[in-house]
Amino acid sequence: MMKEFEFRGISEVIATTLSESGEPNAAPIGIISDGNLSARVYTNTQTYANIKATKKMVANIVDDPLLFVLSALMKIPLDEIRMEEGYPALKSAKAWVLFECIIEDSPQCATLNLRPLKKKVLKRPIQPVNRGFNALIEATIYATRYLAMKDQKYLRWIEHCEEIVIKCGGEREKEAMCKLKEFLGIDK
Ligand SMILES: Cc1cc2nc3c(=O)[nH]c(=O)nc-3n(C[C@H](O)[C@H](O)[C@H](O)COP(=O)(O)O)c2cc1C
């Protein structure tokens, strides 16, 4: 039987987690598929703190560019979140997987070995491949690296991504790019 979806290579998802005090959080992370499923998470993130507390993470398969920018750099609105199996998931996810996380700690970046507990595939419109979306995802990764390392090359790379977003993206990619530039203070 055909699989409904499959993680391959590194798949970019939005991880939703719950803090010890019950607050939901969302942030993009990459799910690594090499026979097993894992993720590498920086230990200075809220995502890591939450997983350390609950040992659970929901991987949301999402194609909304704005949610990637908001969850990476700011906060997503609480009304984007719905509880599933006691953990937060994104309402607009095309599918989600609740994982148990077995943590291998190391000082800066922990490895999470992921064991699927439950998954759901939702009926959502199919999106054709769009270079603007892909460029927006690249730009969002560069934005998080720029914030961490302050290397100017990331700003040049974001500029290149922006050209692709302008040429190939839809309104949602353009809005997400504006938010990203506004957040970095490079919207002049
Ligand atoms: C597409 C994408 C993939 C990312 N993948 C990871 C990852 O695998 N591990 C990680 O620690 N951070 C990753 N990041 C960066 C985090 O999302 C970012 O540091 C975020 O601000 C962490 O938020 P938090 O403190 O709310 O957890 C990624 C960012 C993007 C845009």
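This structure is a prediction, so every number in the text was calculated from the model and none was measured. As the structure lists them, so they are numbered: ligands from 1, and atoms in each ligand from 1.
Between the side chain of Thr17 and the backbone N or O of Ile51 there is no donor-acceptor pair closer than 3.5 Å.
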Under 3.5 Å, which donor-acceptor pairs link side chains of residues 73-86 to any protein atom two or more places apart or in another chain?
unit_1, atom_1, unit_2, atom_2, d
Lys75, NZ, Asn25, OD1, 3.2
Arg82, NE, Glu84, OE2, 3.2

Show the atom names and distances, to 0.1 Å, of all donor-acceptor pairs under 3.5 Å that link a side chain in residues 32-41 to residues at least two apart or in another chain.
unit_1, atom_1, unit_2, atom_2, d
Ser33, OG, Phe7, O, 3.2
Asp34, OD1, Asn36, N, 3.4

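Around ligand 1, the residues contributing at least one heavy atom under 4.0 Å from the ligand are Glu12, Asn25, Ala27, Pro28, Ile29, Gly30, Arg40, Val41, Tyr42, Thr45, Gln46, Thr47, Ala72, Ile137, Thr140, Ile141.
Judged by the 6.0 Å and 45° rule, Lys119 forms a cation-pi pair with Phe5.
Partners of Glu12 by side-chain hydrogen bond (donor to acceptor under 3.5 Å, both in side chains), not counting sequence neighbours: none found.
For the pair Lys94 and Asp63, the salt-bridge criterion is met [side-chain N within less than 4.0 Å of a carboxylate O].
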